[in-house]
Amino acid sequence: MSLTSAHGRPMRVRMAPSPTGPLHIGTARTSLYNFLAARHEGGTFVLRVEDTDLARNTLEFERDIIEGLHWLGITWDEGPQVAGGEDIGPYRPYRQSARLDLYAPEAQRLLDDGNAYPCFCTPEELEAVRHAQERDHQPPRYNGRCRNLTLEQRAAFEADGRRAAIRFATTPESVTWDDLIRGEVEFDNALLGDFVIVRADGGPLYNFTAVVDDAAMQISEVIRGEDHISNTPKQIALYKALGYDVPRFAHIPLILNQDRTKMSKRKSQMDMDAYRQQGYLPEAMVNFLAFLGWSPGTQEEIFSLDELSRRFELARVHKAGAVFDHDRLDYLNGVYIRALTDEQLALRLRPFLPDAADDATILRLAPLVKERLVRLVDIGELVAFLFQTDEVVASWYAAELLLPKKRDASEVARGLTAARDELAGLTDADWAAETLESRGRALAEQLAWKPGDLFKPIRVAITGRTISPPLFGSMELLGRGHSLARIDAALGKLQAVAGATGVVR
RNA sequence: GCCCCCAUCGUCUAGAGGCCUAGGACGCCACCCUUUCAAGGUGGAGAUCAGGGGUUCGAAUCCCCUUGGGGGCACCA
């Protein structure tokens, strides 16, 4: 069943992030697609760190990217497994900063074959040309000034102290490739202009290093974002000039902001770590990301990473971009939270709760909040009442909040007092949700109140809010002493109001 | 400006000529359940398949044009 690549070998794909920023949604999604394609085909997934932009890349970002991918459950067969760590795999090293020596000979080969030439133009000169082209409504591209310099002219520039960049000499011809997702794509290289492959300071540039490395690492399929489509003709020209086999290309659709522009930091939350810190589960994130541009063709929508590996096919990836829909992510996160056992949920909740919360309490809490959590971080607000003093909780609400519709303060005070007396009769040992509920209901019936009317003031007294986890479970967790104290505090507040309006209890 | 890509409910999508008076999910609305909020259940609104031409007995599905949207045009990646 395993498909073979363009060259008859097993599939080898790669993800090549640049550690110039933290892991973002787009990188994660492209990594996921590469990972899934490799797993589906029984191929190899390579991680290569493209850190040639010395000015912008950092080890911290590399760590964020690697850890973020691992958090999602994405693993790779070759490449660094930890930031700054040792590379694994037969094509070591996998960090471009450690491969610098490999690019120079290839650039020299291009020079020797006449496929590249030194360019002495300064940034200012280039800028001037660009401006002139813009003014004349010409496409902005290199004018080829240095392409046919004589040896004397080159020597003169060098004597002048100028350092040359290396430009690739583009052949004006039409290139075509059969994109795995888009089908045949055609491009006229005459429009390209001679692009720089090595900077004047000797630093090799992206289009060049990517080609040299992908060839060296025997990459068979290049799966990357649609924003790279326009790099493809340049790279194909490089592959050919260097005498390498050209891999197959698959350009996946972009992830979009709400306004359908390419997802950007400005308009969307892009850092994966931010989602992690808010308590999005990696399972939900993976499921969500996978469907941004792919679907199995059925009505199923909940998939684990393993199931995705089994079902994912590049051929089913869409061409159109997909908007990142937070509502849907939230929904999926809820689905995955609800699917957790209490033990699993308790474990995941730990980092989102105060240190005062002990493991036993968290475990008892889990079933109470499971159906109410959208993100794990929401646990804080939901159970804050458990970790605050009775005084603080009392300060959260005004006495009016204790009153159900159509019941005044003195009535509620009466009901609450009855509840307090009833519950005070229970021992610590009897203080369990089931008992509390049956006593509460019996009392409501006795008073001829709707249960809800009696439970509302108790709820506010216990939790300080009108919205809370199930009342009796909450009281059980809070314990007898604090529960009774909080009801007393509520009664005190009612008294003040009733007193002010002249109503005697 | 030039080049390339794309186009089904607000959003994610099903759909590879007849099964489509276009299906599912999220979101939204209503009702049910219910101690609040959720969760769950039921139902509903929501897409003249961007528009126009073809091809065909028959088109969301194939072709062409138009329109709209996006991406790219660095000594960044």
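Only heavy atoms go into these numbers, but all of them, side chains included; no hydrogens, no water, no symmetry mates. Letters A, B, ... mirror the listed sequences (proteins, then strands); counts begin at 1.
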Please work out if [X] contacts a base, only the sugar-phosphate, or nothing of the nucleic acid, heavy-atom cut-off 4.0 Å.
X: A:Gln133; answer: nothing
X: A:Gly440; answer: nothing
X: A:Pro470; answer: base
X: A:Val374; answer: nothing
X: A:Ser295; answer: sugar-phosphate

Could you let me know what [N] is paired to, Watson-Crick or G-U wobble, both distances under 3.5 Å, or none if it's on its own?
N: B:A30; result: B:U42
N: B:C73; result: B:G1
N: B:A25; result: B:U11

Any side-chain N or O of [X] less than 4.0 Å from the OP1 or OP2 oxygen of [N]?
X: A:His326; N: B:G10; result: no
X: A:Lys456; N: B:U36; result: no
X: A:Arg316; N: B:G15; result: yes
X: A:Arg338; N: B:G40; result: yes

Take atom [atom1] of [X] and atom [atom2] of [N], then tell me their distance rounded to the nearest Å.
X: A:Lys319; N: B:U13; atom1: NZ; atom2: P; value: 14 Å
X: A:Arg465; N: B:U35; atom1: CZ; atom2: C1'; value: 18 Å
X: A:Leu332; N: B:U11; atom1: CG; atom2: P; value: 18 Å
X: A:Glu184; N: B:C4; atom1: CD; atom2: C1'; value: 14 Å
X: A:Arg29; N: B:C12; atom1: CZ; atom2: P; value: 12 Å
X: A:Arg135; N: B:C2; atom1: CZ; atom2: C1'; value: 17 Å
X: A:Asn287; N: B:U13; atom1: CG; atom2: P; value: 13 Å
X: A:Leu382; N: B:A39; atom1: CG; atom2: P; value: 13 Å

Using the [atom1] atom as the point on both nucleotides, what is the distance between [M] and [N], in whole Å?
N: B:U36; M: B:C28; atom1: C1'; value: 22 Å
N: B:U11; M: B:G69; atom1: P; value: 15 Å
N: B:G10; M: B:A50; atom1: P; value: 12 Å
N: B:G46; M: B:C26; atom1: C1'; value: 13 Å
N: B:C6; M: B:U48; atom1: P; value: 23 Å
N: B:C19; M: B:G72; atom1: P; value: 40 Å
N: B:U8; M: B:U61; atom1: C1'; value: 11 Å
N: B:C4; M: B:G41; atom1: P; value: 50 Å

| field | Cation over ring face, A:Arg29 and A:Tyr33, 6.0 Å, 45° | value | yes
| request: State whether A:Phe195 and A:Lys234 meet the cation-pi test: NZ (Lys) or CZ (Arg) under 6.0 Å from the six-membered ring centroid, and within 45° of the perpendicular axis. | output: yes
| message | Just to verify, what does A:Gln133 make a side chain to side chain contact (heavy atoms under 4.5 Å, CB included) with, not counting sequence neighbours? | response | A:Val129, A:Arg130, A:Gln138, A:Pro140
| Residue closer to the 5' end of RNA chain B, A:Asp188 versus A:Ala322 (nearest nucleotide) | A:Asp188
| task | On RNA chain B, check which nucleotide each of A:Phe291 and A:Ala320 is closest to and give me the residue with the more 5' one. | result | A:Ala320
| A:Asn207 and A:Gln235: side chain donor to acceptor below 3.5 Å | yes
| note | Expected string for nucleotides 70-77 of chain B under the B/S/- scheme (protein heavy atoms, under 4.0 Å, primed atoms plus P, OP1, OP2 as sugar-phosphate) is SSSS-BBB
| Salt-bridge contact A:Glu437-A:Arg441 (side-chain N to carboxylate O under 4.0 Å) | yes
| Are A:Lys240 and A:Glu173 within salt-bridge range, i.e. N to O under 4.0 Å? | no
Name the orientation class of the two ring planes belonging to [X] and [Y] (parallel below 30°, tilted from 30 to 60°, perpendicular beyond 60°).
X: A:Phe157; Y: A:Phe120; answer: parallel
X: A:Trp294; Y: A:Phe312; answer: tilted
X: A:Phe249; Y: A:Trp177; answer: perpendicular

| query | Any donor and acceptor pair, going by atom type alone, linking the side chain of A:Arg372 with main-chain N or O of A:Leu368 inside 3.5 Å? | reply | yes
| Expected output: side-chain A:Asp179 to main-chain A:His251 donor-acceptor under 3.5 Å | yes
| message | Check for me whether the distance between the ring centres of A:His228 and A:Tyr206 falls short of 6.0 Å. | response | yes
| field | Base of B:C37 paired with side chain of A:Arg372 (donor-acceptor, under 3.5 Å) | value | yes
Pull out every protein N or O sitting under 3.5 Å from an N or O of nucleotides 24-26 of chain B, one pair per line with the distance.
| from | atom 1 | to | atom 2 | distance (Å) |
| --- | --- | --- | --- | --- |
| B:G24 | O4' | A:Gln299 | OE1 | 3.1 |
| B:G24 | O4' | A:Gln299 | NE2 | 3.3 |
| B:A25 | O2' | A:Glu301 | OE1 | 3.0 |
| B:A25 | O2' | A:Arg328 | NH1 | 3.4 |
| B:A25 | O2' | A:Arg328 | NH2 | 3.4 |
| B:A25 | N3 | A:Arg328 | NH1 | 3.0 |
| B:C26 | O4' | A:Arg328 | NH1 | 3.2 |
| B:C26 | O2' | A:Asp327 | O | 3.4 |
| B:C26 | O2' | A:Arg328 | N | 3.4 |

